[in-house]
There are 2 protein chains.
Amino acid sequence: MARTTDGAAGARPTIRDIARVAGVSKASVSYALNDLPGVSEQTRARIRATATELGWRPSAAARSLSRARAGAVGLAVARDVRLLEEEPYYMRFIAGMESVLAREGLSLLLSVVPDVEAAVGVLRDWWGERRVDGVVLTDLRVQDPRVALVAELGIPCAVPAGAGRATSVQAERQAFEEVVTHLCAQGHRRLARVAGPREFLHTLRRDVAWAEVTRSALGAPAPVVVADYTSAGGLAATRGLLAGAEPPTAVVYDNDVMAAAVVAEREALGVRVPQDLAVVAGDDSMLCRLVSPAISCLQRDVVADGARSARLLLEVLQGRPGQAPAGEPHRLVVRGTTVRAPVG
Amino acid sequence: MARTTDGAAGARPTIRDIARVAGVSKASVSYALNDLPGVSEQTRARIRATATELGWRPSAAARSLSRARAGAVGLAVARDVRLLEEEPYYMRFIAGMESVLAREGLSLLLSVVPDVEAAVGVLRDWWGERRVDGVVLTDLRVQDPRVALVAELGIPCAVPAGAGRATSVQAERQAFEEVVTHLCAQGHRRLARVAGPREFLHTLRRDVAWAEVTRSALGAPAPVVVADYTSAGGLAATRGLLAGAEPPTAVVYDNDVMAAAVVAEREALGVRVPQDLAVVAGDDSMLCRLVSPAISCLQRDVVADGARSARLLLEVLQGRPGQAPAGEPHRLVVRGTTVRAPVG
DNA sequence: CTGAAAGCGCTTACAG
DNA sequence: CTGAAAGCGCTTACAG
C-alpha cells in the first residue's frame, strides 16, 4: 500500500508534500489534519489518506513554534539520590501521569535533582525555553521556592492532593482515625509517631491531624518525634521513644523505610513485635510485606494519584483552574505488626 | 539592574528585541550568543549584556526547528507497573543520565509503559514527531522489537553496558566468579541459580556465564530454574529446588526481590539461613539490608551506569558510534546470608 | 566584521 | 469551501 519509495530517502514528508500530492494548498492540509472547518469532507478524506500514505507525522518543533505551546509537561523531582533508592514511589506515579498525558499527545519531561534549589533551576530553564506548558510539583516543602517561582513566572502548575504525600489535613485525619481506632481496639493507650522532616508541608499537615485524632481518642495529643525517613533515623528515633519514662506500645511511622528498619532490628531494640511494640507504616511497599512480621500500613493507589495529577494539570492548562480532587483516602491494611494472631 | 518593565508585560524577549536594543542585526545576535565567529569581541559582549538584561532565553521550539534537532533524548521504560514497584532502579539511573544531559542542555523525555509493544509505539511517536534526537534502551529482550525499530528508522540509540542489567558476558562471568569462589570457600558444593525470565537478553548472558563458572569450579554446570523476578515466583522456584533429590545448599537469585522473599519466608520453607541455605542476590537494595539476616549481593553503581549511558548516547549523536564502555564490574557484598558469623 | 534574506514546518487570519 | 501570505523565533549561507 504505502509507497515506501518516498520515505526510504529518509526525508520526512511535510504538509507541503501532502499538499502537492493531494493537489491542494498547505492551509487546507492543516485544516483537514487538525479537524478544523474549512475543507469539504471529500477533500479532508483525500488529504488524510495522502498523509497516511506518505507516513506523515507533525513536526513537534514546528507545531510548538506556531502554536506557542510546547506539547509537554514537566516533573522535577527534588530528592537526594540515596533517598530515591528507598522510594519506589515515583515510577508508579509517572506511569499514572503518562496514561493521561499520552491521550492528549503530551510528552513528559523528567528531571531528578538532589534538592529544591536545583529544581528551581530546572523549572526556570524549562519555562524560559518553553520546553513545557506546565509542571507538576510534588513533595512540597515549607516556604517552597518552587511555589514562589511558579507564582512569579505564572507557570501553570498542579499540586495534586494525593501526590508527593501532599494530601489535605482532612485526608490525613481520616487516615489517622482508622489507625488509632484500630490500635485502641487492640488495647493500646500509649501511642507515638515518628514523623518525617518538618520541612515537608505534609509533615505539618500530619502533625495537625495526629494531634487532633489522638487527643480526641486518648484525651491528650500523643507524642511525635521527628526523623529523616531513613532507616538509621527511624531506629534512632525509636530508641529515644523506648528509653522514655512511658515508652509507647504502638508507633506510627511516616514512611515504610523507618517502620521496616524497626521491625528488622526489633531484637537489637529489645522489643518483640507486636507483643511489646505495634508498628504501623505510612506507606506500603515490598518492604512492608517482606519483613517479618509483615507491617500494617496505610495504602493508596499511587498510579491513580499520578493520573489525577496529570488530569488536574490539563485542566489548569485549559484555563479551568481545577480544584484538586480530594483523592482517594488512604486505606489501612492490617498485617502482623499490629495484631497477635497472624493476619491474611 | 534588569529592566523589569520589559519582562513584566509577559512577552518573552526574542533575538529581534536584542538586536533592536543592541543596535545590530538578528544574525549578529545569533552568532554572538552561540559563540560563533563573525562578531567582534566588543559587539559580542554588548549583545551578551543585552540578552542578560532582557532575560532572554532561546526558544526551544525555534531552535529545534531551524537546527533540525530536538534537544532532547528519550527513555522508554517497558515494564509492568507492579514490577516497577519492586524496582527502585530507574530513578537512580535517570538521576545519573540527567547529570550528563543537563550539561549539554538536553532534556529527558520519559515514558513508562507496560510492555515492549507499547514502547515501540512511544519510540515511533517520539521519532516521527522528532521530539527526541535519540533514545536509551534498557532491559533488552530477546528479539526485541525496539531494536528492530531503531535499526529500521535509524534512530540514534545507546544500549549501555551496565544498564538494565545488559552487562556483557564477561562482566557476568567476573561477577559469578566472585560469588562462586566465595560460596566454595564457605564449603558449599551444591549451588543453584534462580534466574529471571529468558525473554531478557541479560538472562541468557548470565546463563552462559553461570554455566562456565560453575563447571570450572565444580566440574559440572550447576542447575538453573527460571522464575519471574517476583517474590511469589522466587519462592516457588526455591521450593522446587529444595524438594529435589540433591537440594542446593546455596542459591543465587537474579534479583533482590526473590532473594528477600526467600529469606523472609525461610521458616515456611523449612530452612535456616545461612546454615541450611546460603542466599545471594543479583541486585542490592534496601530489601537486602532490611531482612534478617541481611543478604549478600552483587552491587553496582546505578547512578554511574545512567551517566555512562547518557555519555554513550551523546557520542552516537555526535557521529562517533561510541563503544559501550565496559562499565564497572559488580562487586560482591558479603552479608549474613552467606556466612555463619555476623558480618559488617 | 556586519546585514538583508531565505528557510525550518507548521498555523491562522484574510481575501477570493 | 479554497488559496496566497504572513508569522512563530531561531539559524545560516551569501553579499557587502
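Chain letters run A, B, ... following the sequence lines, proteins first, then strands; residues in each count from 1.
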For B/S64, which contact category applies under a 4.0 Å heavy-atom criterion: base, sugar-phosphate, or nothing?
nothing
For a quick test of reading the model, state the closest non-hydrogen atom pair linking A/A119 to A/R146 and the distance between them.
CB-CD, 3.8 Å
Below 4.0 angstrom from OP1 or OP2 of C/dC8, is there any side-chain N or O of A/T14?
no
Which nucleotide, if any, forms a Watson-Crick or G-U wobble pair with C/dA13, using both distances under 3.5 Å?
none
Need one value for A/R57: base, sugar-phosphate or nothing, where a base atom within 4.0 Å counts as base even if backbone is also close, heavy atoms only.
sugar-phosphate
For A/E129 and D/dC10, what is the distance between atoms CD and C1' respectively, to the nearest whole Å?
13 Å
Taking D/dC10, C/dT2, C/dC10 as options, the one with an atom nearest any side-chain atom of B/V39 is C/dT2
Looking only at the side chain of A/N34 (C-beta and beyond, no hydrogens), which of the listed nucleotides C/dT12, D/dG9, C/dT11 gets closest?
C/dT11
Taking only side-chain nitrogens and oxygens of B/S40, does any of them come within less than 4.0 Å of OP1 or OP2 of C/dT2?
yes
With no hydrogens and no angle check, is any side-chain donor or acceptor of B/R44 less than 3.5 Å from a backbone partner on B/S28?
no
Among D/dA13, D/dC1, C/dG9, which is the nearest nucleotide to the side chain of A/S59?
C/dG9
Determine, for B/W127 and B/R124, whether the Lys NZ or Arg CZ falls below 6.0 Å from the six-membered ring centre while staying within 45 degrees of the axis.
no
Is A/D305 salt-bridged to A/R92, going by a charged N under 4.0 Å from an acidic O?
no
Rounded to the nearest Å, what distance is computed from the CD1 atom of residue B/I15 to the C1' atom of nucleotide C/dA4?
13 Å
Presence of salt bridge, B/R67 and B/D133, under 4.0 angstrom:
no
OP1 or OP2 of D/dG9 less than 4.0 angstrom from a side-chain nitrogen or oxygen of B/W56, does that happen here?
no
Phosphate oxygens OP1/OP2 of C/dT11: is one of them under 4.0 Å from a side-chain N or O of A/S30?
yes
Of the listed D/dT11, C/dG9, C/dT11, the closest approach to the B/K26 side chain comes from D/dT11
Distance in angstrom units between B/L36 CG and D/dT12 C1', rounded:
9 Å
Heavy atoms from C-beta onward define the side chain here; which of C/dC10, C/dG3, D/dG9 lies closest to that of B/S25?
C/dG3
Can you tell me how far P of D/dC10 sits from CZ of B/R69, to the nearest Å?
16 Å
Spacing between A/L65 atom CG and C/dG7 atom P, to the nearest angstrom
17 Å
Any donor-acceptor N/O pair, A/D144 side chain to A/L140 backbone, under 3.5 Å
no
For a quick test of reading the model: is some side-chain N or O of B/R63 closer than 4.0 Å to OP1 or OP2 of D/dT11?
yes
A/R16 CZ to C/dC8 P, straight-line distance once rounded to whole Å
7 Å
Given atom CZ of B/R12 and atom P of D/dG7, what is their separation to the nearest angstrom?
19 Å
Which part of the nucleic acid, if any, lies within reach of B/A68 when heavy atoms closer than 4.0 Å are counted: base, sugar-phosphate only, or nothing?
nothing
Return the value, rounded to whole Å, for the distance between atom OH of B/Y31 and atom P of D/dA15.
13 Å
If you only use heavy atoms from C-beta on, which nucleotide in D/dA5, C/dT11, C/dC8 is closest to the side chain of B/S66?
C/dC8
